[in-house]
Every structure is written in structure tokens, then in C-alpha cells.
Amino acid sequence: MMDYEKLMSENVRSLQPSGIRKFFDILDTMKDAISLGIGEPDFVTPWHIREAGVYSLEQGFTKYTSNAGLIRLRGAVTDYLKRRFDIDYDSSQVFITVGGSEAIDVCIRAMLNPGDEVIIPVPSFVCYGPLVTMANGVPVYVETKAENEFRLTAQEVRDAITPRTKLLVLPYPNNPTGAIMERDDLEAIAEVLRGTDIMVLSDEIYAELTYGQRHVSPCNIPELYERTLLVNGFSKAYAMTGWRLGYVCGPAPILKQMLKIHQYGIMSAPTTSQYAAIEALRGGDGDIETMRESYDRRRKLLLKGLRDLGLSCFEPRGAFYMFPKIDGFGLTSDEFCTRFLQEERVAIIPGTAFGSGGEGYTRICYASSVENIETALERLGGFLDHLREKR
Amino acid sequence: MNEILKLLEEDSRYTPAQIAAMTGKDEQYVRDTVKRCEEEHIINGYTTLVDWDRTSEEAVTAFIEVKITPQRDDGYDRIARRIYQYDEVESLYLMSGSFDFSVIVTGKSLREVSRFVAEKLAPIEGVISTATHFIMKRYKDKHRAFLVEPEQEERTLFV
Ligand SMILES: Cc1ncc(COP(=O)(O)O)c(C=O)c1O
């Protein structure tokens with residue numbers, strides 16, 4: 001018998017499998033269970049966008065595109081970034097990827113030499129650390145704090161920097177906390193990075209989903225623009241998760257090198273999706289607004305509901321997640337979420353799934369129907385009463 | 001006010017408390033606004049979208065184009081009133097284009113609807129002609145699609 005495990009890359013073996021699986025295995029066996037666990041829009045892609053994809057198939061556009069993606073799409077991306085966020089790129093500074101996910105991966109792989117450090121604020125989306133490990137880099141986690149509304153502070157960045165620091169990940173608006181970074185916060189970080197060679201990887205996949213203020217990108221801060229790799233995509237803004245399309249923008253010399261990874265590993269992003277994406281960028285501003293308003297209503301509903309139940313929850317101003325504190329019941333986040341699922345049939349995710357600093361919190365996704373949110377709140381109320389009685 | 005109306009149009013079962021939470025207004029304000037809208041006939045009722053095709057109920061719906069003699073002043077309203085008072089009439093619209101009224105009529109059978117057109121609608125003074133189109137299938141009403149779309153299988157578990 002071959003010992004396959006032993007044959008394999010140590011980097012791969014060192015990666016932790018997702019601890020979340022068990023929730024969904026339990027969920028699968030339950031009737032009338034509700035999931036507020038999956039971080040995905042609950043809308044179907046707007047029809048005019050789907051239709052553009054279908055039309056491209058009718059016309060027989062089924063071949064590879066250029067490695068960097070359709071020139072018309074890249075043009076539409078640069079127009080969009082200018083129009084929506086006042087960010088200037090030309091089409092030599094963009095290429096189209098298989099989701100924001102691939103864009104993040106190529107940024108990390110293109111920049112790191114073995115042993116290079118990447119500063120990653122946590123709690124955050126799960127992919128950055130493992131991708132850094134796979135690129136033989138070293139993830140350096142920085143815990144953001146509830147009292148700072150889970151923003152990354154200049155001091156935290158300063159404390160994490162070493163001579164090996166290559167990249168700083170800025171995952172805002174944030175999954176799972178819903179935190180955003182405003183201009184002042186970014187300017188303070190720009191000050192810390194001034195004079196260093198540290199690059200910023202800005203994951204702006206939720207840029208369109210902010211409530212009460214427009215998203216500010218590091219690219220809007222002159223001192224950060226030249227050191228920023230911007231990652232965005234179509235999944236969240238246009239409810240296009242299954243189309244697997246995103247893009248990366250940055251300094252042309254970096255993009256030119258980075259494109260080699262994409263060229264050898266991917267060839268080109270899905271052609272049908274690229275045609276649909278042109279339509280999304282050209283005609284989708286209204287859809288974004290409609291969906292954003294709908295998330296915002298549910299955000300307010302859930303926030304009020306959680307606070308009425310006596311949970312402390314910072315008001316998230318981006319993405320579609322809420323990150324309430326659940327540490328007062330003598331249970332770990334994992335125990336809390338497991339019991340809530342088993343006893344009340346509602347799936348939410350323990351904060352610890354998103355890295356250290358998540359203990360004592362849970363992520364609730366409000367991209368779900370008002371009815372589901374209401375039912376979940378009702379069941380949470382019963383569950384909390386039960387826990388409080390016991391104590 | 002418009003935000004509240006849009007929410008009620010989306011789902012008239014939303015409670016004032018829910019609407020208040022979703023809009024960030026207080027509950028009393030929502031109650032007062034809804035009451036005022038009802039009084040001012042901005043809100044004209046609450047109803048339910050039923051797909052009768054999924055029940056054992058026999059029901060047919062027809063869309064009828066009606067032409068009338070040219071009218072002045074409130075002539076259209078007067079004829080309209082004579083049409084819409086019938087319970088069989090579900091909706092009535094004054095149209096631009098090649099005919100004047102669009103009348104949606106429901107009944108238990110083709111025969112019943114045909115008889116309504118022949119005996120009630122066509123004889124109304126001022127009506128010149130009617131053209132009846134029976135509805136074969138209702139796909140969408142009030143922004144709600146009636147076909148149930150399949151759920152995508154095997155979705156990712158964790159993002
Ligand atoms: C913060 C963040 N970045 C990136 C992604 C990946 O998105 P995409 O579908 O574009 O690969 C997600 C998906 O949940 C996310 O939450």
C-alpha cells in the first residue's frame with residue numbers, strides 16, 4: 001500500500017479542513033431548518049445579465065478569450081471603477097480572473113518569496129492564510145477589536161510589520177464582521193507604510209454593499225494607490241457567485257508578471273461569464289441599488305432583533321453579515337452554534353471559523369428572506385431564554 | 001411614505017413593527033402613515049395572489065379589448081363605471097392605441113365569460129365592439145412568477 005499522505009506536499013497537509021462542514025452535515029438531516037450560514041446573495045442574477053450570457057452562447061462564443069480577458073470587458077471594468085469609485089486604471093492594468101478567489105491567489109503567489117510575511121487582519125474570510133502558506137509565505141494574523149468596530153488600526157499594522165513583511169491584506173468591507181474602513185483609517189495606514197516596500201492587497205468584493213456611506217478604496221488614497229493590488233468581482237454586487245468571475249487591478253509591471261500565473265494555471269476566465277459581465281457593468285447599476293436597499297432593510301431588521309434580544313452587536317456598515325457577541329452564556333462559539341442548530345434548527349457560523357479573535361462571536365448572514373430572519377430571531381430568543389434560565 | 005408603500009406592495013403581511021425595523025422609522029409613524037394612506041385611497045386594499053390552476057377550482061380569465069364611441073369630459077369614466085361595477089370584472093384600464101378599454105374578466109367557464117361579454121358588456125351604451133382573448137396560462141402577476149423554478153443542487157457549504 002502506498003502511503004499517499006506521506007507523498008503529499010507538507011504545505012497542503014498543514015492546511016486545516018473547514019470546521020464548518022459538521023454544521024451543514026447536521027443541517028442536511030433536519031426538516032424545517034433555516035440556514036443563515038452561507039455568505040451568498042439570495043438573489044438570482046438579474047435576467048438581463050443572464051440573457052447576455054445566453055445570447056453569447058447563441059452566437060457561438062464558446063472559445064477561449066485572450067488570457068487577460070475580453071478587451072471590452074476590461075474597458076467596462078475600468079469605466080466602472082472610475083464611475084462608481086473614482087479609481088483610475090487603464091486596461092493594461094486589469095485582468096479578468098476566475099472569481100475574486102483566483103485574483104487573491106495570483107496576487108499572493110506573484111508577490112511572495114519563501115518566508116515572506118503577509119499581514120492578515122482577522123476575523124476575516126478564510127482564504128488568505130492558506131493561500132499564503134501554499135505560496136511558502138508566512139501569514140501574520142492581526143486581531144481586530146470590537147471596540148474599534150473591527151477596523152484595522154495604524155498601530156496594529158505598525159506592531160505587525162517586520163523586515164520580512166511583503167503584503168498587507170485589507171479585506172474591507174469585511175466578511176464576517178461587516179466592518180468598513182473609512183478615509184481616515186486608510187490615511188493612517190498609508191502613513192505607517194510610507195517609505196516601506198509593503199504592498200496592499202485590497203479585497204473589495206463587497207465594495208458595492210455599504211450602508212450609509214460610499215466605500216473608500218485604498219486606491220482613493222494617493223499614497224496607497226501605487227502600492228495597491230485591487231481585487232474585486234461580480235459575485236456579491238451582481239449576485240453572480242456561480243459565474244466565477246472577478247478581476248485584479250494594479251501597477252502594470254506587476255500585472256504583467258502576474259498574468260503568467262493566470263495564463264499557465266487558468267488560460268482564460270469563462271467566456272460566457274465574461275459576456276454576461278459586460279452587460280452587468282454597463283447596465284447593472286440599478287440592480288446593485290435594488291439589492292443593496294433590500295439587504296439594508298434586512299440589516300436593520302436583524303440588528304434591531306438581536307439588540308431586542310439583549311445581544312450586543314456592533315452595527316455593521318458593509319457586506320451582508322452581522323457579528324453579535326454571544327460570550328455571556330458559558331459556551332464557546334462552537335458550542336453555542338452547535339447547540340443552537342441542534343435545539344432550534346438554525347445554522348449560524350461560530351466566529352472562530354474566521355480566525356482568532358472570533359471566539360465569543362457568531363456570524364449571521366442576512367442575505368436571506370425576511371421570513372427566515374424573523375423565524376431565526378424567534379428561535380434565538382427561545383434559545384437565549386433557555387440558556388439564561390440555566391445560569 | 002413611498003418606502004413603506006413599496007414594502008407593503010412586496011408583502012402586505014409585513015407588520016408595522018417589521019416595517020419600522022426595516023426602515024428605521026418608529027412603529028407609530030408606520031401605523032399613522034398606513035392609516036393615512038388607507039384614508040386617502042393611496043392604499044386600496046390588501047389581497048392574496050392565488051394560482052387557482054393549482055386548485056380544483058374551475059376558473060377562467062379573459063382579457064377583453066373594448067372599443068367605444070368617442071367621448072368627451074367624463075364620458076370615459078361613466079362608461080367605465082358601468083363596466084367595473086360587475087363583480088365579474090377583475091381589472092379595468094383605459095388604454096391608448098387601437099382600442100379604449102382593457103377589461104379583465106373572470107368566471108367559472110368559457111361559457112360563463114362569453115355570456116357575460118355578450119349579455120352584459122357588449123350591450124352597454126357606447127360600446128362599439130369587443131374582442132375576447134382567453135388567458136391560457138398565468139406566468140406572472142404583480143411581479144410574482146407563478147412557475148416554481150427548480151432549486152440549484154449541490155451548492156457550496158462555506159463562504
Ligand atoms: C471577503 C471575500 N473575498 C472573496 C470572496 C470570493 O469571491 P469570488 O466568488 O469572487 O471568488 C468571498 C466570498 O465569500 C469573500 O467573502
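Each chain gets a letter, A, B and so on, in the order its sequence line appears, and its residues count up from 1. Computed from a predicted model, the values in this text were never measured in an experiment.
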Visitor: Given heavy-atom pairs under 4.5 angstrom as the criterion, report whether the side chain, backbone, both or neither of B/E149 touches chain A.
Guide: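 Neither part, no heavy atoms under 4.5 Å.
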
Visitor: Strictly below 4.0 Å, N to O, side chains only: are A/R297 and B/E10 in salt-bridge contact?
Guide: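 Yes, this pair counts.
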
Visitor: Could you look at B/I19 and say if it's the side chain, the backbone, both or neither that has a heavy atom under 4.5 Å from chain A?
Guide: neither

Visitor: For A/E374, which atoms come within 4.5 Å of any heavy atom of chain B: side chain, backbone, both, or neither?
Guide: side chain

Visitor: Rounded to the nearest 0.5 Å, how far does NZ of A/K304 lie from CD of B/Q18?
Guide: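 B/Q18 atom CD to A/K304 atom NZ measures 10.5 Å (nearest 0.5 Å).
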
Visitor: Considering only heavy atoms, which portion of A/V44 lies under 4.5 Å from any heavy atom of chain B: side chain, backbone, both, or neither?
Guide: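 Neither the backbone nor the side chain of A/V44 comes within 4.5 Å of chain B.
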
Visitor: Less than 4.5 Å to any heavy atom of chain B: does that hold for the side chain of A/K300, its backbone, both, or neither?
Guide: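 Interface part for A/K300: both.
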
Visitor: Tell me, yes or no, whether the heavy-atom count around B/H133 atom NE2, taken from other residues, nucleotides or ligands under 6.0 Å, exceeds 12.
Guide: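 Count over threshold, so yes.
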
Visitor: Around atom CD of A/E371, are there more than 12 heavy atoms of other residues, nucleotides or ligands at under 6.0 Å?
Guide: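 Counting neighbours around CD of A/E371, 12 or fewer heavy atoms of other residues, nucleotides or ligands fall under 6.0 Å, so no.
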
Visitor: Does a sphere of radius 6.0 Å around CZ in A/R214 hold more than 12 heavy atoms from other residues, nucleotides or ligands, not counting ones at 6.0 Å or beyond?
Guide: yes

Visitor: Taking the side chain as every heavy atom from C-beta outward, state whether A/D296 and B/M22 have any atom pair closer than 4.5 Å.
Guide: no

Visitor: So for atom CD, which belongs to B/E58, do other residues, nucleotides or ligands contribute more than 12 heavy atoms lying within a distance under 6.0 Å?
Guide: no

Visitor: Quick check on B/E27: does its CD atom have over 12 non-hydrogen neighbours (other residues, nucleotides or ligands) under 6.0 Å away?
Guide: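 Atom CD in B/E27 is packed in, count exceeds 12.
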
Visitor: Can you tell me if B/E40 has over 12 outside heavy atoms packed within less than 6.0 Å of its CD?
Guide: yes

